[in-house]
Amino acid sequence: MKFLNPKNIQAIVLILVIAGLLVLALSGYLTPLFNLSLNPLISLQSWLSVRYVSVRDFLTTPGNITELREQNAILESQVTQLQTQLIEMEERLGEAQVCFALLDFGRTNPQYDYIAATVVGREISPFLQYIIIDKGTEDGVLYGMPVVIQQGLVGRVDAVIAGAARIKLITDSTSVVNIYLQSAEIEAQLQGSLTGDLFLDMIPLGEVVKPGDVVLTSGLGGNYPPNIFVGQVLSTQNRENALFQTASVQPIVDFKSINAVLIVKNFEAIDISPLIPEQ
Amino acid sequence: MILIPHIVYAILLLAVFILQTTVFSRITLIAGSPDLILLFLAAWSLNERAKYGWVWTIVTGFLVSAVSAMPFFAPLIAYLGMFIISKTLQRRVWRIPILAMFIVSFLGSLFQGFIYVILLKINSAQVGWGQSLDTVILPSVLMNLIFTLPIFAIVSDIAGRIYPLEEEV
């Protein structure tokens, strides 16, 4: 009867109670009781957890700021590097576009040989419209050679040294180009001006010139090759008692943003000045 | 050591010349643009310590005339005119050099503009007085006046640095 001593009886009762509670719990009968007792615990746990995380973040944040600053500095330097690369790529793209455009012009006008040159400077005096290029006699550039870009006529070589040349633009006030108006089938003279605007002179009074008419070089005078695009007629002026009409011309070339040009190598300018009678 | 100011001037002149042809000639107001070389020369010649200003005026004039398409050494004439104006003013308004610089910049630019128009007209260019004044001369004068102060400050500072060095030696 030693087995039924009070200690063993207590143990057996305890085991039976535990087993009973387990059976009740597993069978779901204790769920409402669990909910009732666990909800406050969970709330308390949640409250404590939030506070703990807040306190931990507060204590560990200074270290993170330093780390973040370092990361930020690294990222900023990477952004700067990428921006530099982007600018370089854009510059190269711009140069490539200019080269492709010049190449296109060369392909569409295969009868001429070209020397490609970069514009390195502009005339010092604002009264004159000249540019300076980085090719000279060493590269085969000679006085009087016509200069074009992909859009059309630019000017001609005015002075040349071994490594550079000065180009007189057709917008210069002393520049005169013999042109041909395609739709009206007439010839006239294109003149530059102080402000860089172009206008046509010597248009016969009876001829009808309309805005939009295409202006091409005629080749007369031997200074420029024929049929190079110059621009379009903007408007005509018909003054009283004038012997000829005049017209404003919108040049096809943006003379302020020329970066590279083509020099027509195999065109020899003809000097007809000895044939012009002296006045 | 006497050569140091001249070497510095030559280097500065080249730098100014390159800046003028590559950058400042592209900065336009109507059809006018600033003449950095004229301003540099004016600031240098107004400096009391700078010697042989007339020699450098001639050298600068020849250099610009060689590069420019202007006829008959027009830049040389314009710069010599500006030099005479600056020397005249230097004796009369020497107490206020910045005022003298502004006056030289204004009168020198006007003189240069008129000389250029006269010489272009002689060269049978299509240039009218009214149009030249409205579109080139006055805008150029205004732009020169804008750049007068920084150029004067830079040149004065450089001159102040190189001339004491010469005196010490």
Side-chain angles (χ1 to χ4, degrees), chain A residues 118-134 136 143-144 147 155-177 189-202 246 248-249 254-259 273 276 279, chain B residues 16-38 60-61 63-71 74-75 78-79 109 112-121 123-141 143-144:
Chain A
T118 306
V119 177
V120 292
R122 286 187 171 265
E123 165 64 35
I124 294 165
S125 168
F127 287 91
L128 302 174
Q129 312 279 334
Y130 285 76
I131 54 173
I132 300 161
I133 57 168
D134 65 342
Y143 173 80
V147 180
R156 60 196 294 239
V157 177
D158 173 71
V160 60
I161 57 172
R166 192 172 64 206
I167 312 295
K168 183 191 216 174
L169 303 179
I170 57 170
T171 51
D172 186 73
S173 57
T174 58
S175 171
V176 178
V177 183
Q189 278 190 344
L190 180 84
Q191 294 188 350
S193 67
L194 204 61
T195 52
D197 297 325
L198 291 173
F199 66 93
L200 291 178
D201 201 0
M202 311 291 277
T246 58
S248 300
V249 174
D254 181 8
F255 289 95
K256 286 186 176 173
S257 62
I258 301 173
N259 295 321
S273 55
I276 299 169
Q279 290 178 344
Chain B
V16 167
F17 179 78
I18 290 165
L19 273 175
Q20 176 66 40
T21 52
T22 53
V23 180
F24 284 82
S25 291
R26 292 170 198 256
I27 302 169
T28 54
L29 178 69
I30 311 178
S33 63
D35 191 338
L36 206 64
I37 300 168
L38 179 107
T60 309
L63 176 73
V64 176
S65 298
V67 177
S68 173
M70 288 299 294
Y79 292 157
S109 305
Q112 186 189 43
F114 287 123
I115 285 291
Y116 283 2
V117 173
I118 290 166
L119 292 175
L120 282 170
K121 274 184 168 292
N123 217 29
S124 66
Q126 301 278 338
V127 177
W129 277 108
Q131 193 191 24
S132 303
L133 197 68
D134 292 345
T135 59
V136 183
I137 297 175
L138 290 180
S140 297
V141 168
M143 295 201 82
N144 281 347

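Below, chains carry the letters A, B, ... as their sequence lines are ordered, and counting in each starts from 1.
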Pair count under 4.5 Å, heavy atoms only, with chain A: among B:V136, B:T22, B:I137, highest is B:V136

Name, in order of residue number, those residues of residues 118-125 of chain A that have a heavy atom at a distance of less than 4.5 Å from a heavy atom in chain B; otherwise write 'none'. A:V119, A:V120, A:G121, A:R122, A:E123, A:I124, A:S125

What part of A:Q129 gets within 4.5 angstrom of chain B, counting heavy atoms only: side chain, backbone, both, or neither? neither

Pairwise side-chain contact, A:L194 with B:S132, heavy-atom cut-off 4.5 Å (strictly under): yes

Once rounded to the nearest 0.5 Å, what's the spacing between atom OH of A:Y130 and atom OG of B:S25? 14.0 Å

Please determine, among B:A78, B:G113, B:P34, the option with the most heavy-atom pairs under 4.5 Å with chain A. B:G113

Check whether B:I37 gets within reach of chain A through its side chain, its backbone, both or neither, counting any heavy atom under 4.5 Å. side chain

Please find the pair of heavy atoms, one from B:A125 and one from A:T174, that lie closest to each other, and give the distance. CB-CG2, 3.3 Å

Chain A heavy atoms under 4.5 Å from B:Q131: which part of the residue, side chain, backbone, both or neither? both

At a heavy-atom separation under 4.5 Å, does B:F24 approach chain A through its side chain, its backbone, both, or neither? neither

Is chain A contacted by the side chain of B:S33, its backbone, both, or neither, given a heavy-atom distance below 4.5 Å? both

Part of A:I132 lying under 4.5 Å from any heavy atom of chain B: side chain

Contacting region of B:S68 [heavy-atom separation from chain A under 4.5 Å]: both

If I measure from the heavy atoms of chain A, does B:V23 come under 4.5 Å with its side chain, its backbone, both, or neither? neither

Looking only at non-hydrogen atoms, find the nearest pair between A:P126 and B:A31 and report the distance. CB-O, 3.4 Å

